[in-house]
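Right, one structure below, let's go through it.
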Amino acid sequence: MAENNKKHKIVIVGGGAAGLELATSLGNKLGKRGLAEVMLLDASSTHIWKPLLHEVAAGTLGETEEVEYLNQAHRNHFRFRLGRMEGLDRKKKEIYVSPTLGDNGEELIPRRTFSYDTLVMSVGSVSNTFNIKGVAEHCMFLDTTLQAFKFQKQLVEAYIRNHASINTVDKPLSIAIVGAGATGVELSAQLHEVTDLLAVYGLDESSNVKLTIIEAATQLLPALPGKLATATQQQLVKLGIDLKMGRRVVEVTREGIKTHDGEMIEADLKVWAAGIKAPNWVKQLDGLETNHINQLVVDQTLKTSDDDIFAMGDCAACPWPDHEENVPPRAQAAHQQASTLYKTIINRLNGRAPVKYVYRDYGSLVSLGKYTTVGNLMGNLMGTVSIGGFIARVVYLSLYKMHQVAIHGYFRTAMLTLSNLFRRSAHAKIKMH
């Protein structure tokens, strides 16, 4: 049963970068003063910044990077509810949440209904399999923290099996990544670093690993200029990563990946990182307009086809004036959209006009772990500048620090940074469990 409350009810569905930042800022502005009721709904109990999921998958990210939603909600004056949205009634202004089940299938939380005055959809994206045969059954994905942890567990088990096998010289552990965007490239470099670390820790046979990236386009990293993409490609080749460019995947089997030219690429572990879409259930939200990849179509104020419903992040198809394509699904866009919607919702409560969202492209950065970081920065003073090495690494880390500041504040972010520096000096660099 929906709750009755005279306060303006703001419901945010999805606790990714944009959703958590918006809930935190609205909680401190409105919830703290009792001016509105702010609720965040997510199917997970913890948050990890999505661009770091490749580090979770490789086992190199510390557990301190996880944010507990309940703790965040308590400190920042909003409510957190654990659950997965399954439906919407626009006329009643209610959302419907599926039952939450335990590991043994027992119902922990029954199906629930929550009412809203303002609804913000921020459910992110999932991998787009393009209906290619065998992808869903045989590939692993890195869309959620749970999937990243699952991959990391299978990775460790595969390394241990490889270490114990007497045939490792004849048959190396093979890992294939489909997709040469930022996720695929960063994951490949991170996995290469892990094999080196495992060899240092005594699993010498773990270095007998074959890493392959399969990409339909002829160039990796389409978001980067050609010069930087070529430099990255040269670095990956130097690390011994096999790049199969211009190869379109037509089928995935238990044994490997088949490309359009008939080649079968054998792989023990297969990761799909070849495109995104909004979750399928988004296109069934009581008639809200969506596009061909299930994204909610929004105007420049991030409003959907319903005046009381907004969308941001990867699940939103947001127009990009003077460009043929929509705003790209990047962390910087999600951060900017959360800031814009914060102002719009404050205005909404005060009877003022919404704020138009203008995407500011500050460039693209790709981290190859300890090896290098490359990218381009865009600004009014210098135009587009290519950067690499230490400077690029510092800028890359600063993007994450901006997210941490948005949800923790400057002081707490500084303390967390110092704590992580001390932890890394005392703990293993990779997770082995």
Side-chain angles (χ1 to χ4, degrees), residues 1-47 67-100 108-124 144-145 279 281-282 285-286 288 296 298 302-304 306-313 315-316 334 337-350 354 406-408:
M1 182 80 102
E3 299 175 20
N4 292 315
N5 197 316
K6 291 182 180 180
K7 292 181 182 177
H8 189 94
K9 295 180 181 178
I10 303 166
V11 175
I12 303 165
V13 182
L20 185 58
E21 288 182 16
L22 181 61
T24 299
S25 57
L26 288 176
N28 286 320
K29 178 70 174 182
L30 302 174
K32 185 177 182 179
R33 301 176 184 179
L35 300 176
E37 187 178 283
V38 183
M39 188 191 91
L40 175 67
L41 175 76
D42 196 272
S44 175
S45 60
T46 60
H47 162 85
V67 177
E68 293 279 350
Y69 285 124
L70 280 173
N71 180 53
Q72 183 73 7
H74 173 71
R75 290 194 302 106
N76 295 281
H77 315 284
F78 65 91
R79 293 193 304 159
F80 170 69
R81 293 293 180 262
L82 179 67
R84 189 181 305 277
M85 181 176 171
E86 65 175 11
L88 166 70
D89 188 319
R90 293 163 57 189
K91 187 175 181 180
K92 293 182 178 179
K93 300 181 74 170
E94 293 176 344
I95 66 168
Y96 305 112
V97 180
S98 303
T100 300
L108 300 178
I109 307 174
R111 179 176 280 104
R112 289 160 295 165
T113 299
F114 295 102
S115 61
Y116 66 86
D117 295 303
T118 299
L119 175 63
V120 179
M121 299 297 297
S122 182
V123 295
T144 66
T145 304
W281 58 267
V282 173
L285 288 178
D286 198 13
L288 287 179
L296 292 164
V298 299
L302 303 175
K303 182 178 69 66
T304 67
D306 187 305
D307 289 343
D308 298 315
I309 303 176
F310 299 82
M312 61 180 179
C315 73
Q337 289 170 348
S339 298
T340 298
L341 263 186
Y342 167 76
K343 298 172 186 175
T344 288
I345 292 174
I346 298 297
N347 284 359
R348 184 174 165 84
L349 267 64
N350 293 315
I407 61 176
H408 295 310

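Only heavy atoms go into these numbers, but all of them, side chains included; no hydrogens, no water, no symmetry mates.
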Worked check of side-chain contact (heavy atoms from CB on, under 4.5 Å) between W281 and M85: CA-CA 9 Å; W281 58 267; M85 181 176 171; 4.1 Å; yes
Among I95, L88, V97, find the residue that satisfies the side chain to side chain contact (heavy atoms under 4.5 Å, CB included) test when tested with V13. I95
For I309, the option from L288, L302, T118 that meets side chain to side chain contact (heavy atoms under 4.5 Å, CB included):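 Only one option passes, and that is L288.
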Euclidean distance, [Y] [atom2] relative to [X] [atom1], rounded to 0.5 Å:
{"X": "E37", "Y": "I10", "atom1": "CD", "atom2": "CD1", "value": "9.5 Å"}
{"X": "L26", "Y": "N76", "atom1": "CG", "atom2": "CG", "value": "11.0 Å"}
{"X": "D42", "Y": "H47", "atom1": "CG", "atom2": "NE2", "value": "9.5 Å"}
{"X": "T24", "Y": "I12", "atom1": "OG1", "atom2": "CD1", "value": "8.5 Å"}
{"X": "R81", "Y": "M39", "atom1": "CZ", "atom2": "CE", "value": "7.0 Å"}
{"X": "D306", "Y": "L285", "atom1": "CG", "atom2": "CG", "value": "11.0 Å"}

To check you understand the geometry: which heavy-atom pair defines the closest contact between [X] and [Y], and what is its length?
{"X": "F80", "Y": "S44", "result": "CZ-O, 3.3 Å"}
{"X": "L296", "Y": "A311", "result": "CD1-CB, 3.9 Å"}
{"X": "L341", "Y": "M312", "result": "CD1-SD, 3.7 Å"}
{"X": "F310", "Y": "T304", "result": "C-CG2, 4.0 Å"}
{"X": "S122", "Y": "A18", "result": "OG-CB, 3.8 Å"}
{"X": "E68", "Y": "S45", "result": "OE1-O, 3.7 Å"}

Side-chain contact, heavy-atom cut-off 4.5 Å: [X] with [Y]?
{"X": "H77", "Y": "V38", "answer": "no"}
{"X": "L30", "Y": "F78", "answer": "no"}
{"X": "K9", "Y": "F114", "answer": "no"}
{"X": "V67", "Y": "H408", "answer": "yes"}

Give the intermediate values and the outcome of side-chain contact (heavy atoms from CB on, under 4.5 Å) for residues I345 and H8. CA-CA 11 Å; I345 292 174; H8 189 94; 5.7 Å; no
Taking it one step at a time, do D308 and R348 satisfy salt bridge (charged side-chain N to carboxylate O under 4.0 Å, His left out)? CA-CA 10 Å; D308 298 315; R348 184 174 165 84; 2.4 Å; yes
Qualifying residue for side-chain hydrogen bond (donor to acceptor under 3.5 Å, both in side chains) with S98, from R111, E86, R84: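 It is E86; the other options fail the test.
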Neighbour count >12 (heavy atoms, 6.0 Å) for atom NZ, K29: no
